[in-house]
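All chains are named by letter (A, B, ...) in the order of the sequence lines, taking the proteins before the strands, and each is independently numbered beginning at 1. Note: hydrogens, waters and symmetry copies are ignored here, and every other heavy atom, side chains too, is used.
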There are 2 protein chains.
Amino acid sequence: MAGTPKVDIPRERILCEAEALFAERGYYAVTIREITKAAHCNLAAVNYHFGNKENLYMEVFRCLWKPRAKRVLARFESILGAKREVTLAGIVRAVAEAFIKGPLSDDERLRHSQLMVREMAKPTEAFEMVVGEVIGPFQQKLADLIRPFMDREMGQVSLLLQIQSIISMVIHFNFARNPVMRITGREYDARFKDELVEHVVQFCLSGLNGVGKGGNP
Amino acid sequence: MAGTPKVDIPRERILCEAEALFAERGYYAVTIREITKAAHCNLAAVNYHFGNKENLYMEVFRCLWKPRAKRVLARFESILGAKREVTLAGIVRAVAEAFIKGPLSDDERLRHSQLMVREMAKPTEAFEMVVGEVIGPFQQKLADLIRPFMDREMGQVSLLLQIQSIISMVIHFNFARNPVMRITGREYDARFKDELVEHVVQFCLSGLNGVGKGGNP
DNA sequence: TTGACATTAAAACATCTGTTTAATACATAT
DNA sequence: ATATGTATTAAACAGATGTTTTAATGTCAA
């Protein structure tokens, strides 16, 4: 079973299992029969509780994805708020920690980013909702936080590209575990995640030069 | 039609249309009937020329994806080879230009990265082939190129994380056009792509500080 | 032309898909 | 206890899907 829901009613079980399956294999690869079987309930339960498959998919984003995203953002705020003064390094570290370690379990984090990546590849109504209500506002807030550290004459687009670059890295290290593990030969244990956070912070702050000497052999 | 194949035989048309549809919507969302209709040939043609749907998908990677990836890598080598001396900036710029502008048309580039991202989300046999034959070797070569510029004591894993970070950015700016356009409000025209290349180079070389002053207001 | 082979076409097949129906069980309030 | 609204079940439905079959068509050498 994929993550134990607090209330053990069929509706919750369906949502939970549906999310896990949608994340892993995508909307069309998953059948209602699979979902209801995993949730130990009758085939008709999906249509009874959610109307149809498409709305079940939307409800996954409304009831599970969105609250979880908010938990991550709350963690970000919390990490940032704990600091005496806000620095550029502090902001980046807060992002990296919230997204790569954060309040989510490993399974949750994987599901979460897989669903998002699938939406980025082919956006549906869910994407509109999530960008409008969660991701968009967050990136704007991040831009406002970072702007004071940037050149005065830097355009808003440039600023947003900086944000996107940070985000692209944390998304990548979350959802592309497979290639990352395969190429680096490392497991996603606590130690490796610490290294990942450290790496993201270093890279975002000073790029390749941050750890290099810049010398030519 | 999705990109005009050189030889106008049904087999080629099917491959071409299949790739476009698989990239846009994923394996299960696409039906053989759709593919053959788009390719203006009979339903049975897929099973005649490719045996079954699964093998058609694999052939897309073997016959279209892989050669195209090699074209991109060849462009990378070419850009790098044209330089008088190899610098860190030169390497990063070569990667960014090859992947973001490169030898591919806009449609090709989008398809290419969408297919890859779908494979990263849920790897199939195609992923194994592509990582083993193209992506893996390329990242190793990139690591060898960059190593001389890094600290002597830097571990191989750290080095590969640097590579992954560069790659994650170019992949992101290729396949996540939708969110990027939506959030920055820009179109993916030649001008914007130039800006993207410039941004990636700057960011990878010196991170956020590269364009900022680092001052606290 | 004839014969052999490769390709295309149309139809049929078995299975799977999302959805609906109708019947049943269950709980709670009167 | 009875009635009422809710939740579950099993069965059926219509349409879609991958695949196979069988026939027709084209191609080209002997």
Side-chain angles (χ1 to χ4, degrees), chain A residues 1-2 4-64 115 118-119 122 124-126, chain B residues 1-2 4-64 115 118-119 122 124-126:
Chain A
M1 229 175 302
T4 315
K6 292 140 201 158
V7 190
D8 193 37
I9 58 176
R11 200 192 129 93
E12 301 298 320
R13 289 204 309 269
I14 290 175
L15 267 178
C16 201
E17 299 293 337
E19 182 186 47
L21 289 166
F22 285 148
E24 194 192 332
R25 306 218 300 275
Y27 182 81
Y28 289 99
V30 176
T31 70
I32 294 184
R33 283 169 176 81
E34 276 181 289
I35 296 170
T36 50
K37 192 172 181 182
H40 298 103
C41 64
N42 190 269
L43 166 65
V46 162
N47 295 77
Y48 177 77
H49 288 286
F50 301 93
N52 54 35
K53 186 185 177 185
E54 204 175 316
N55 197 56
L56 166 60
Y57 181 79
M58 280 302 297
E59 282 292 297
V60 164
F61 276 84
R62 276 191 281 258
C63 301
L64 299 183
L115 282 174
R118 290 187 189 282
E119 278 297 321
K122 176 129 189 81
T124 72
E125 204 187 321
Chain B
M1 228 175 301
T4 316
K6 293 142 204 161
V7 189
D8 193 36
I9 58 176
R11 201 193 128 93
E12 301 299 321
R13 289 205 308 271
I14 291 175
L15 267 177
C16 200
E17 298 295 337
E19 181 185 47
L21 289 166
F22 285 148
E24 194 192 332
R25 307 219 298 275
Y27 182 81
Y28 289 99
V30 176
T31 70
I32 294 185
R33 282 171 177 81
E34 275 180 291
I35 296 170
T36 50
K37 193 171 180 182
H40 299 104
C41 62
N42 191 268
L43 166 64
V46 161
N47 294 78
Y48 177 77
H49 287 287
F50 301 94
N52 55 34
K53 186 185 178 185
E54 205 176 316
N55 196 57
L56 165 60
Y57 181 78
M58 280 301 297
E59 283 291 298
V60 164
F61 276 84
R62 276 191 281 258
C63 302
L64 298 183
L115 283 173
R118 290 188 189 282
E119 278 296 321
K122 176 130 189 80
T124 71
E125 205 187 322

Do [X] and [Y] touch side chain to side chain, with heavy atoms closer than 4.5 Å?
| X | Y | value |
| --- | --- | --- |
| E125(B) | F61(B) | no |
| Y27(B) | R118(B) | no |
| N42(B) | T36(B) | no |
| L56(A) | N47(A) | no |

Among [options], which nucleotide sits nearest the side chain of [X]?
| X | options | answer |
| --- | --- | --- |
| T31(A) | dT19(C), dT17(C), dT19(D) | dT17(C) |
| A44(B) | dA10(C), dT19(D), dA10(D) | dA10(C) |
| Y48(B) | dT21(C), dT19(D), dA6(C) | dA6(C) |
| L43(A) | dA12(D), dG18(D), dT8(D) | dA12(D) |

Using only atom types and a distance under 3.5 Å, with no angle test, would you say the side chain of E12(B) pairs donor to acceptor with the backbone of I9(B)? no

What integer distance in Å separates [X]:[atom1] from [N]:[atom2]?
| X | N | atom1 | atom2 | result |
| --- | --- | --- | --- | --- |
| E54(B) | dT19(D) | CD | C1' | 14 Å |
| I32(A) | dT9(D) | CD1 | P | 16 Å |
| N42(A) | dT19(C) | CG | P | 15 Å |
| F50(B) | dA6(C) | CZ | C1' | 16 Å |
| N52(A) | dG15(D) | CG | P | 18 Å |
| H40(A) | dT8(D) | NE2 | C1' | 16 Å |
| K53(A) | dA16(D) | NZ | P | 15 Å |
| L21(B) | dT17(D) | CG | P | 13 Å |

For E59(A), check salt bridge (Lys or Arg N to Asp or Glu O under 4.0 Å) against everything at least two apart and list the hits.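 If we apply the salt bridge (Lys or Arg N to Asp or Glu O under 4.0 Å) test to E59(A), skipping adjacent residues, the hits are R11(A), R62(A).
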
If only side-chain N and O atoms of H49(A) are considered, is one of them under 4.0 Å from the OP1 or OP2 phosphate oxygen of dT6(D)? no

Could you pull out the closest heavy-atom pair between I14(B) and V46(B), with the gap in Å? CG2-CG2, 3.9 Å

Counting a pair only when it is Watson-Crick or G-U and both distances are under 3.5 Å, which runs of at least 3 such pairs involve DNA chain C?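 As far as DNA chain C goes, consecutive pairing (with distances under 3.5 Å) yields the stems C:1-30 with D:1-30.
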
